[in-house]
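Taking it in order: structure first as structure tokens, then the write-up.
Whatever order the structure lists ligands and atoms in, that order sets their numbers, starting from 1.
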Amino acid sequence: MQIGCKILSLHPLNLYRTVEVYSEKQQITKVLSAFKDQNLTVGLVPTMGALHKGHLALVEKALQDNDKAVVSIFVNPTQFDNKDDLQKYPRTLERDVQLLEGVSKDNIIVYAPSVDDVYEGKLEAEHFDYDGLEHEMEGRFRDGHFNGVGTIVKRLFEIVKPNSAYFGEKDFQQLQIVKKLVEKHNIPVNIVGCDIYREDSGLAMSSRNTRLKSEYLEAAPFIYKTLTTAKDYFGTKSAEEVTQWVENEFRSQKLLELEYFIIADVLTLKTVTEKENNKQYRAFIAVYADDIRLIDNIALN
Ligand code: PAF
């Protein structure tokens, strides 16, 4: 594969590959400014690679809404609080590019930078204040995670200057945090949230699923099954009762270890104590399957 120019290589189904992959911001900036000169709109899909159908759906949506889609593929070190997780994160650039070619050969470009291209020798996260959203759920369990996410997303917005950016609702807290980031920093990007993509088993698609051993892969759909029952119960039971029921269900699961189950207000992400009529709630869950951490969530009303 060549980087930074048209790729021309053999592919079993399709002889010519034309998705462009840029590894340096100077290169991609030139291409993007040519797009701007032609008044073309750009949708950015930030990813860490190991693409699955959920990512491709984001890219499709970006292309429905815009002339061009930029897919960034970058495993961002500053958002990992666990070195092992960072090291083991799947890196499959060649395959990712092939998958994107199945979506569009002409209108997608890939930005797959090195750590140095993004961080310019200073591998540090900026500090962000997201009005408290960062202290809930993932923020409690993954130290500094949202500073790392904010740092890379803000940088990508500065480099790509997209009209819109697309994020999956599987990382619902991240989506709300990115919305807060653009609001607080006056960044002129429209943030679009897209539905969670699921396997037939109900398991939310995630790049991490590829690392699940078969017995854990079989056990993992229990997460979504529990979320859907929790949603049913939420119609008649209190948030606390539903939470207790879920915690109890996981006690009998040998392969899945519940880290948290929380019912929260979608805007503040604060845990619900009393349900209120005109508020929207979501249930959020984090589970360990072996050493792999899986998250999911569901709208409750
Ligand atoms: O959701 C992800 O894959 C990452 O957190 C993101 C938004 C690409 C930032 O690295």
Handout entry: Aromatic ring proximity Y260/F284, centre distance under 6.0 Å
Key =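 Between F284 and Y260, which both carry aromatic rings, the centre distance is not below 6.0 Å.
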Problem - Pair F261 + F250: ring centers closer than 6.0 Å - result: no
Practice task
Would you please classify the geometry between the F80 ring and the Y89 ring as parallel, tilted or perpendicular, with 30° and 60° separating the classes?
Solution key: perpendicular
Between ligand 1 and the protein, give all atom pairs where both partners are nitrogen or oxygen and the distance is under 3.5 Å, as lines of names plus distance to 0.1 Å.
residue, atom, partner, partner atom, Å
ligand 1, 1 (O), Q174, NE2, 2.8
ligand 1, 5 (O), Q79, NE2, 2.9
ligand 1, 5 (O), Q174, OE1, 2.7
ligand 1, 10 (O), Q79, OE1, 2.6

Handout entry: Polar side-chain atom of D96 near backbone of R91 as donor-acceptor pair, under 3.5 Å
Key =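 Between the backbone of R91 and the side chain of D96 there is no qualifying donor-acceptor contact (under 3.5 Å).
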Practice task
Examine distances only and state if a side-chain atom of K184 and a backbone atom of K179 form a donor-acceptor pair shorter than 3.5 Å.
Solution key: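 No, the answer is negative, given that no donor and acceptor are paired below the 3.5 Å cut-off.
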Exercise for the section: Apply ring-ring contact (aromatic ring centres under 6.0 Å, His included) to F128 and list each qualifying residue two or more places apart in sequence or on a separate chain. Expected result: Y130, H185
